[in-house]
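Only one structure is covered here, and it is reproduced in the block below.
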Number of protein chains: 2
Amino acid sequence: MNLRIKDVAEAAGVSVTTVSRVLSNNGPVRDTVRQRVLSAIEQLGYRPNAAARRLRSGDTATIGLIVSDVRNPFFTEVSRAVEDAAYQQGLRVILCNTDENPEKEAMYLRLMEEERVTGVIYSPTHDAAQRFKAQHYDFPVVMIDRPGPAGSADAVVLDNRDASARLVEHLVEQGYRRIAGLFGNASTTGRERHEGLMDALRRHGLPAQAEFVDPNPDSAFVHVGVWLAGERETRPDAIVASNGLLLLGAYRAMHAWRARSATSTDDVALAGFDNDAWTDLVSPGVTVIAQPVYEIGKNAMQLLTQRLADPSMSTRTLVLPGELVIRGSTERRVLPVGD
Amino acid sequence: MNLRIKDVAEAAGVSVTTVSRVLSNNGPVRDTVRQRVLSAIEQLGYRPNAAARRLRSGDTATIGLIVSDVRNPFFTEVSRAVEDAAYQQGLRVILCNTDENPEKEAMYLRLMEEERVTGVIYSPTHDAAQRFKAQHYDFPVVMIDRPGPAGSADAVVLDNRDASARLVEHLVEQGYRRIAGLFGNASTTGRERHEGLMDALRRHGLPAQAEFVDPNPDSAFVHVGVWLAGERETRPDAIVASNGLLLLGAYRAMHAWRARSATSTDDVALAGFDNDAWTDLVSPGVTVIAQPVYEIGKNAMQLLTQRLADPSMSTRTLVLPGELVIRGSTERRVLPVGD
DNA sequence: ATGAAAGCGCTAACAT
DNA sequence: ATGTTAGCGCTTTCAT
């Protein structure tokens, strides 16, 4: 089988034009003729060549999805949402992992241009986001998780400052006073969550301790390990991690530390972003800001679709709220005498 | 910008052929000319049209990856491995989620034909696997996790029977005698793991209790809940779940049950497949068969590459061993008097 | 309602 | 080493 539309036309006794019309369901075809064509296609096992259609029609029906790593549960879920929506509309999805690597980002953006994609959903590193020029591209881009410079592209993001603030409010309410934050150093998101935390601490007149690190569990493990190794008086009494990967590393570090040393009064609270499955399974559960992950992906596809329908529309940023999920890891602190 | 190769040719003062040669790095071009072309491309911001190249060259440089759901950590990791390998070879990956739905499987297979993909990596449902006819397709297929009928396609699978047996050996050694297994009803893998478990139990002269269920946490939650609600004398003393999703549901059910009722002597062991992150984070940790997940994806790409290089080669099935990771969930049982 | 023919942008023969 | 040209398989005017 390497059949062309011509073969189908001959088998059905019609012109290629007619076959094309039934394939794309567009243009008038008599019902009896349509049936004849359809059964010829069936009979022969003909499959239209996607590359040829795209070349001729100029419509690739392809969406590019550029994320740092599908293994991050946040992006796993976003991917699924994007794919669900895309395939429902007959769009194909090309999935790209950049590992927060600017070179990979550049190469994938270039790939998107070569593919003449219909649109791109993109989670850029902070640097790439700053440098991003929408007008350089022939396709619309929707940023997720991390917006570009104001007005440069549609975006779906979390209300990061607010979410961080709520985490702080909760911790303060529970009696924690030496709150330390761990933030991803590659994303705009990390910065915003940092600012939200700092502002909230300032409002309470509390000291702040913050560190920007590579956004992976291992670096969180190391940094939290250092914090915990400090003297009891200076050690943080609560640790906040700005995404699921960092939270995981932080949890591991605390777990290891507890196994070695701590008594319950020495305990340190833990909270962070992303309601990943494990946070609800461990005991005590970890308090988190749950992001509406699937919604983020779904909304990104909607913004993209609307932008495609009306390219002149001014750019929009959709800000979604996080949900504070309170679990045992931030239980009320028994304040030591003197605090 | 909608530039064609002709524009580059004119700008560089050469023929389109020459431009094509430098684009695909194939055919002789004088170095000074190559530089001239390259800078013209750079200058103009030209991007070759992927669809046109594919149509003309007949080489799509595209791999299809068909899995049930990327949100399953097993497939998340496999995807990542496939993409790493693919992009290293300049191949694009189209990712498809079938949700174990035969209709979606059929539609994606059809899509793969239309895309004229170079090859497919495919994790079929049991039924689709049985029905699969490699000769119907123009591209090679490598099955992962679940092989088709013997010899129908290359495959990378786990040594499921052996892994199940090792799980049983371990449980028996630890003093468990009423072992119940929960298996996915959609995959060949579920059947093999079931057989491995049954054989091993038979060798020990132990009774067997097994259930085939929809491969998602919720159905596991329900079924395990029913088991646990039974009388202490008949209730399983160990539960085995045949994949990460079922294991998760089983864990939740046991957790809920413990919170309500149990004392430590009533405890039930838990073990299963897939070393997903949470199994090591909960306390006690869950004993699992760790699959070499990344390796599975990587090897699948290698089989595919080799098959592409030599289509006449007879089909191969690569069987990888699982690794038994022992954790607290299967600690030695304190045998009740009379057992 | 149907068909003939041009051409999407590129690569691969085949010249030179 | 470089250029000319045909044509990959389809959709889309434009006729009829």
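The chains referred to below are lettered A, B, ... by the order of the sequence lines, with proteins before strands, and numbering in each begins at 1. Keep in mind that what you see is a predicted model, and the values were worked out from it rather than measured.
- In this structure, the helix from C:dA1-D:dT16 to C:dT16-D:dA1 shows an angle of 30° between the axis at its start and the axis at its end, each fitted on 5 base pairs and rounded to 10°.
- Rounded to a whole Å, the CG atom of A:N26 is 10 Å from the P atom of D:dT13.
- Between the side chains of B:N2 and A:D138, no donor-acceptor pair of N or O atoms lies under 3.5 Å.
- Of all nucleotides in DNA chain C, those with any atom nearer than 4.0 Å to a heavy atom of chain A start and finish, going 5' to 3', at C:dA1 to C:dG9.
- For A:S57 and A:D59, the side-chain atoms include no donor-acceptor pair closer than 3.5 Å.
- The closest donor-acceptor contact from the side chain of B:R146 to the backbone of B:M143 lies at 3.5 Å or more, if one exists at all.
- A salt bridge does not link A:E103 to A:R110: none of the charged nitrogens lies less than 4.0 Å from a carboxylate oxygen.
- Sequence neighbours left out, the pairs with a member in residues 3-16 of chain B that pass side chain to side chain donor-acceptor pair (under 3.5 Å) are B:S15-B:T18.
- The existence of a salt bridge linking B:E115 and A:R54 is confirmed by a sub-4.0 Å separation between a basic side-chain nitrogen and an acidic carboxylate oxygen.
- Applying the ring pair (Phe, Tyr, Trp, His ring centres under 6.0 Å) test to pairs two or more places apart or on separate chains, none has a residue in residues 15-41 of chain B.
- Summarising the geometry, the separation between CG on A:L44 and C1' on D:dG9 is reported as 16 Å, rounded to the nearest angstrom.
- In this structure a side-chain-to-backbone donor-acceptor pair under 3.5 Å is missing from B:T189 to B:S187.
- Taken residue by residue, residues 50-64 of chain B places heavy atoms nearer than 4.0 Å to DNA chain D at B:L55, B:R56.
- Put simply, the residue from B:Y108, B:F75, B:Y122 that forms a side-chain contact (heavy atoms from CB on, under 4.5 Å) with B:V67 is B:F75.
- Put simply, the side chain of A:D145 never gets that close to the backbone of A:S123: no donor and acceptor are under 3.5 Å apart.
- Between the B:R53 side chain and the B:P48 main chain, no donor and acceptor come within less than 3.5 Å of each other.
- Of the residues near DNA chain D, A:I5 and B:R36, the one whose nearest nucleotide (by heavy atom distance) lies more toward the 5' end is B:R36.
- Scanning both residues, A:Y87 and A:V93, for their nearest heavy atoms gives OH-N, 3.9 Å.
- The separation between B:N49 atom CG and D:dG9 atom P is 17 Å, rounded to whole Å.
- The pair B:R36-B:E42 fails the salt-bridge criterion, with no side-chain N (NZ, NE, NH1 or NH2) lying under 4.0 Å from an Asp/Glu carboxylate O.
- Less than 4.0 Å separates DNA chain C from at least one heavy atom of each of the following residues of residues 13-25 of chain B: B:T17, B:S20.
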